[in-house]
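Every value quoted in this text rests on a predicted model; they were computed, and no experiment measured them. Heavy-atom basis, side chains included; hydrogens, waters and symmetry copies ignored.
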Amino acid sequence: MTTRTTSAELRAEVLIAGGGLGGVAAALGVLEAGRSVVLTEEYRWLGGQLTSQAVPMDEHTWVETFGVTARYRELRDRIRDYYRRNYPLTDAARNDPHLNPGAGLVGRVCAEPLVGVAAIEEMLAPYRATGRLTILQPAVPVVASVDRDRVESVTFRSLDDGRETTVVAEYVIDATELGDLLPLTGAEYVTGFESRHDTGEPSAPDEAQPDNQQAFSWCFVVDHVDGDHTIDRPVEYDAWRTAQPAYWGAPMISLTGPDPRSLEITTRTFTPNAGLDAEAAGERVADQREDAGDRELWTFRRIIARHNFEPGAYPSDVVLVNWPMIDHIGGPIVDVPGAVRAQREASARQQSLSMLYWLQTEAPRPDGGTGFAGLRLRSDLTQGPDGLAMAPYIRESRRILAETTVTELDLSIAVSGDAGPATFDDSVGVGMYRIDLHPSTGGDNYLDLPSRPFEIPLGALIPRRLENLLPAGKNVGTTHITNGAFRLHPVEWNIGEAAGRLAAFCLDRASRPRAIRTSPELLAEFQALLTKRGAELHWPAGVSGY
């Protein structure tokens, strides 16, 4: 039996484990209600998929006008304003109310990870100053104390010095990327594919496949400048250069692979710093309803478009690489021994470095040559291991067994026969994204299906048994399939914000989440509060999915 020495104890009304977008949104929801928060985060940056994982905002068609919370809109505005205040933008870019710094085709606000960090820190700064917000960082949860159906405390270990801190709180919110508190607290949860028998989903397998989970990716940032910036040949390059899943149609380390929506084998283009004049004229705007935007990989997730800045400010565009070729399908990193997880994460980094090395040395160029030696790894913008992102990009987490589980029957246009919004009486927000599943550890190809816009049911945030534990990210009550529509930035934020406001509301009313949901009066009061605070609970008339 291991004896743990706790060097400190903290108390707060709400503990939030995980400082990604869901965790930050949850903290703001609690703090705005006048309550105290301890927020923890494994990595040195808050912001999760937007920052430490380096992935720019991936959003729905209507994001500039409706379909997100007021606080999420504030985050987007702060990112844009940061560029206006600090960067040498052109007059046209500075005055554009819909400034997209990278002009990327994945979303309307493609920006550098560090700017996301700065915006989040600004939003939290007043609460740090008053002492109502304490942040433990970098730290991970190691043990939880549970009394019957109530979490009493969680102990965290500092990744800097190994010291442990126990946090005692009335409510505990799990906003970790992988649902790390669920096994520690004994919460009932599921991983991977549920069975068709359990969910009724036509795209589910006959039997559950808990180890069959979406690929994770280790992203990186590049630009293209004069000189030879070729990295050392990765140790595993030969293995990755020839790796080819049966359904891929080519080696993964190439520009060829399946189109996520049609599954047709497609060869994409990669043209550094191309198309400047056309893009400066504003001919293309990110809209995934019309086009996934991934045919030309240079512009797909670009985070700095030099035409938005004064001439000479940048020698090159800056691009985030989160492409199909770096999807790591070698095995899950959930509920495996620590050594196995470490090995798979290291393998994912080798895969990403191999993709970069191939681009630098073997990729076909428009002039008929091979290799873009001018591609430069921008480790200064990511500050992670091997020059890559600080953290792996996580698409799938443990998921609570919830009061309500959102299934393919709710979201899929093909299954429901309806492209209008999926509604729930206990809505606490809205979201929209295609059911977008990347290749999986079980050997599955993409599953990318048109989805209805949806409301987020309160029941998806309530565990079936535990009374004071709430999810605030990809660990809500979805299935493996519908997680594909819930996992992106604005929905994660909305879930986190709703969880934080729910915890504060329960403290104010001396009630429990389950009671809020089952009491028509309390539910109506809580929904009115959410609306007052800037959440949208329903979609406007006439909105259809895609």
Next on the checklist: Applying salt bridge (Lys or Arg N to Asp or Glu O under 4.0 Å) as the test, list every pair that has at least one member in residues 237-253; sequence neighbours left out.
Outcome noted: R233-D238, R241-E362
Checklist entry - Are D436 and R487 ion-paired here, with the side-chain N under 4.0 Å from a carboxylate O? => result yes
Checklist entry - What class does the angle between the rings of F454 and F486 fall in, given that below 30° is parallel, 30 to 60° is tilted and above 60° is perpendicular? => result parallel
Checklist entry - In Å, rounded to the nearest 0.5 Å, how long is the span from CG of L15 to OG1 of T40? => result 6.5 Å
Checklist entry - Do R157 and E164 sit within salt-bridge range, that is, some charged N less than 4.0 Å from a carboxylate O? => result yes
Checklist entry - Yes or no on side-chain hydrogen bond (donor to acceptor under 3.5 Å, both in side chains) for H489 and E59, after CA distance, side-chain angles and deciding distance? => result CA-CA 7 Å; H489 305 66; E59 301 165 332; over 6 Å; no
Checklist entry - Are a donor atom and an acceptor atom from the side chains of H60 and Q288 found within less than 3.5 Å of each other? => result no
Next on the checklist: Give me each pair satisfying ring-ring contact (aromatic ring centres under 6.0 Å, His included) with a member in residues 237-258, each pair once, sequence neighbours excluded.
Outcome noted: Y237-Y357, W240-H328
Next on the checklist: Looking at every heavy atom in both V30 and A504, which two are closest together, and how far apart are they?
Outcome noted: CA-CB, 4.3 Å
Checklist entry - Any ion pair linking E177 and K474 (charged N to carboxylate O, less than 4.0 Å)? => result yes
Checklist entry - Taking all non-hydrogen atoms of both residues, which atom of S203 and which atom of L449 are closest, and how far apart? => result OG-CD1, 4.0 Å
Next on the checklist: Quick test of your reading of the model: are R261 and D259 salt-bridged, counting only N-O distances below 4.0 Å?
Outcome noted: no
Checklist entry - Are R464 and E403 within salt-bridge range, i.e. N to O under 4.0 Å? => result no
